[in-house]
Each structure stands twice: as structure tokens, then as C-alpha cells.
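We use all heavy atoms of the structure for the numbers below, so side chains are in, but hydrogens, waters and symmetry mates are not. Position 1 is the first residue of the sequence; numbering continues from there.
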Amino acid sequence: MAVSSRGSRGGSTLRGFFSYRIFISAMFSLLFIATLSVLFTTNPSTENDISDLPTTGNAYVQRTFLALKSDPLRTRVDLIHQQAKDHISLVNAYAAYARKLKLDISRQLKMFDELAGNFSDIALKPTYRASLFESDGLLDEDVLRQFEKEVKDRVKIARMMIVEAKENYDTQLKIQKLKDTIFAVNESLAKAKKNGALASLISAKSVPKSLHCLAMRLMGEKISNPEKYRDENPRPEFEDPSLYHYAIFSDNVIAVSVVVRSVVKNAAEPWKHVFHVVTNRMNVAAMKVWFKMRPVEGGAFLEIKSVEEFAFLNSSYVPVLRQVESAKMQQHYIENQAEKTPNDAQDLKLRNAKYLSMLDYLQFYLPEMYPKLRNILLLDDDVVVQKDLTGLWKIDLDDKVNGAVEICFGSFHRYSQYLNFSHPLIKESFNPKACSWTYGMNIFDLDAWRRQKCTERYHYWQNKNEDQTLWKSGTLAPGLITFYSTTKSLDKSWHVLGLGYNPSISMDEINNAAVIHYNGNMKPWLDIALNQYKNLWTKYVDSDMEFVQMCNFGL
């Protein structure tokens, strides 16, 4: 019994001790809470900060503790409000990005602006402002739910718009980059075309090494064997009007040989064909040696003269020579040579001395050069004859002077493209829509020419154009003027042009043509020639000629 009594007293003592400790802990806890309460109540009121929640860590913790003290629902208000502010910033960022890119999405920009405004307007609504942001008491949970719902609806819309916009921006950015790339490529292309045109012209008008080599070899042959290359007396066939006469004006030996060879090889009666070749003083000897070494086949006749042998072609009679010799024309030519960048094809021609060569203007003096002939066929040195041409002499020109193939189609290659119709003299004399033709293969009725005084007409207009206000340099424009209303249009199959610049000519059209013309800069004897047409020219080159092999023409 004694033992039991002691145990009972010991248990009572322990219970008393633990009760005392709990009491002490509770007192300390109450004291701590009271201290915190005093500390928080001494801080400034944060009622005015509800609409602009700080984003720093300490301020956010302080605000959260304050919300817990005042009302647990305030934490939700702050978080929702912060979410709305974050989405306003995001929406504004996308809108600013779109404006910076200058993309064509004005509808989206307007929606972004409206959405950002809607976010801001939620907090400014009187109901929400009074119940959630300006109230000192407990918050109305129903109002909070409505506020939260509106914010979340707008957040959902904002996120959908941002996803759509992001895809749009990626596409629009690619489009913008593509546009920038296309613009840059177009600029580069324009520059390359300009440089290419100049380089192509330089290549076309300069003397290739092979041609220079050929001329030097031929001159060397003449110097080594002068007795073999003495000039022969003129033959009566040169003035026989019953034969088929051709005029070829060129300083290119191999080009002339191809023209002559192609005519003869396709002629039914080659012994009735007479070729009148006129070149400059520098190349006349080489030309004579070539045709002495390689006589014309089939019994055809050929005479070679230099421009200087036609004594009447001097500056007192020929306007263009007088203009070239004048100080004004020389100054104009020097100024054009000084330009670093050509503005157009005419400017390029002005810078080339060939366009001031008398060889280009001989076609205006055919009746005087060959006074006993009635008809003559003018061929450029960059043509190839593929059929018998005697049919041209049988065409009735209806008292016209010039028989040529017209080159106009649609609004292209009309007189308005070659003449200055802003000049009153041109405007009152010609029809701007008149169809143009080109040199290369022209059959001339020299008797009609003499009757209609075409040379005098040419002189009149050439004198009027001394200041180049009627047309730019070149021979086509004065030809169009001289033979205006006196040109007979020939069937297009007689003369197909463009093999020196157009890679898209139909081979059927080429094969059916009597004459094919390598007009343009890509001449068949140059490295820049169009390969698909080059063999039509090279098959008439006399490749067995020893000097052609030695000069490496690359045929």
C-alpha cells in the first residue's frame, strides 16, 4: 500500500510540471504575437499601394504578411492584379515589336491596344475599386470571384492572341526578310546588268586577239610575197547591172569571208553574183590577201576597196564627217567618253569610235558609189545566208527604194523609240507609230533612189541634227527618216534577227530563214557568242585556211 501511495504522488508531480511548461510556452507565444501586432500596426497604411503592387522580394513579402493580417482574400486580389499587369506588359511588348517591324498587321495592333486598355479598365471599375482596392474592411468574396473571372477571361484572350501573333510575326518576319533580300538582289542585278552591258559592248567592239592575229598574218604574207598580191584591173562584171550585186562594208576579214562563202554555197548560179567589199585603209591589204589566198568559189566575182578610194566622201560633201571634225562634235564626244557609267544603250554607242566611222554611213551613198548599177543587196558582216537570195531581185518594190523586213510588234520598235518626237520638226514630219525596220539585209532600187533624191534627204536631216536633238548617234534613225514612206515590207522569212542577244529564237524560224542576223553584242566570232547559234556561223568558216588554224579561233 505504501508503494502505491508513493507512485501516485510522483505522477501528480510530473503532471504539474508539464502543465507549468505549457503555461509558460503559451505566455511567450502570446507575447510574441502581441509584439508582431505592435510592429505591423506601426507601419504606414498600404491602402494606396493595392493598385500598384511592388515586384521586389521584400516588398512583396511585407505586402503578403500585411494581407494575411488584414484579410486573406487580399493576397488573391494582389496576385490577380499582378497577373493582369504582367499581361498588359506582354501585350504592349508584342504591339511595340510589330510597330518596329512595320508589318502589315494593323488589325492585330488595334486589338493589342484595346486588350491592354481592357486590362487597365478592370481595376478602374467603380465596383472593383470600391470593394477590392479602396476598402479597409473585409473583402467581398463574390466581387473578388467576378474580378478574377474577368481578369482570367482577358488573360485567356491575350494568350490566344499572343500565340497567333507569334506565328504571324515569324511569317511576317520571313516575308520582310525575303522582301529585303529581293530588293538587295534587284539592286545587285541592276548594277550587274549595267556593268554587263558595258563589258559586253567593250568585248563586242574591241578587236579579239584572234582577229588581230589573222590580220597581222595576212599582212606578213603580203610583205613576204609582194609580187603575188598585186592589184588587178577592174573586171567588167563589177559594173554589169544584169548580175546580182552585193555590198558588204566591214573591217572584219573572217566575218566578210563567212558572208561571201554562205551566199555562194547556197546560190543556184554563183557565177552571176558580184560582191563589193569596202573596208578601211588599215584592213584593205589583209582583206585582199585573204581572198587572193582563198578565192571565191563557184566563179563568183569580188572587188575590194577602201573608203578612201571614193574621193567624193569628204567633209565638204558628207555632213557626218563635217560634224565629226567640228569642235562642237568633238567636245560632245569627249564628254561622253569621260562619263564613267553609261546611262543607256545610246550612250554606250556614243562612246564607241566605230559609230563615228565612215564605214557605217556608206549605205547612204550606194547610188554614187555604184553609178551603173540598178539594184544592190546590202548585207551586214554579222549575217549568214542559208538560201539562194536571187528571189530578192525579182520582188516588185512598187517604186519604193528600200526592201526590208519590219521588226515592230505591239508598241515596240516604232519610230517613237528612235526619234525625238518632242522636237516640233520631228513631230510634224513623221508618225510616231510607224513601224521600223533594221539594216542587215536590204535590197535597194538605186534608180528609184536617184529619182527620189534620198541622199539629199539624208543630208538635210543630218544637217538638222548637228546638235543631236533629233536623234542620238547611230545610223538606224537617219535610215528610218531617209526611207520613210519609201520602204517595202518583205516577208519575215527573208531575214531573222536577234541571234546576237536573244537565246529564245525558235529553231524552226531560224531554219526557215534565208538570212540569219547576229545583231547584238554576242557576235559569233567572240567568246561571248550564244552557243546554240554559233555552229550556224562556224560551218561557213574556212577552217582549212592555215592562218585561221594558227590564230586559234577556237572553232
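- Ring geometry, His273 versus Tyr246: the interplanar angle falls under 30°, so the pair is classed parallel (tilted spans 30 to 60°).
- Checked against Lys292 for a salt bridge (charged side-chain N to carboxylate O under 4.0 Å, His left out), the options Glu232, Glu221, Glu227 give a single hit: Glu232.
- Annotation: side chain of Ile481 is not in contact with side chain of Tyr418 (no heavy-atom distance under 4.5 Å).
- Listed for the Lys387 side chain is a donor-acceptor partner under 3.5 Å among the backbone atoms of Asn512.
- Proximity of Lys433 to Ser416: side-chain heavy atoms (C-beta onward) are nowhere separated by under 4.5 Å.
- With contacts defined as side-chain heavy-atom distances shorter than 4.5 Å, the pair Leu243/Glu237 qualifies.
- The shortest side-chain heavy-atom distance between Val256 and Val259 does not fall under the 4.5 Å cut-off.
- A salt bridge does not link Lys372 to Asp240: none of the charged side-chain nitrogens sits closer than 4.0 Å to a carboxylate oxygen.
- Centroid-to-centroid, the aromatic rings of Trp471 and Tyr415 stay 6.0 Å apart or farther.
- Looking only at side-chain heavy atoms (C-beta outward), Ile510 and Tyr533 come within less than 4.5 Å of each other.
- Salt bridge annotation for Lys488-Asp398: present, with a cationic side-chain nitrogen under 4.0 angstrom from a carboxylate oxygen.
- With salt bridges taken as basic N to acidic carboxylate O contacts below 4.0 Å, one links Arg261 and Glu297.
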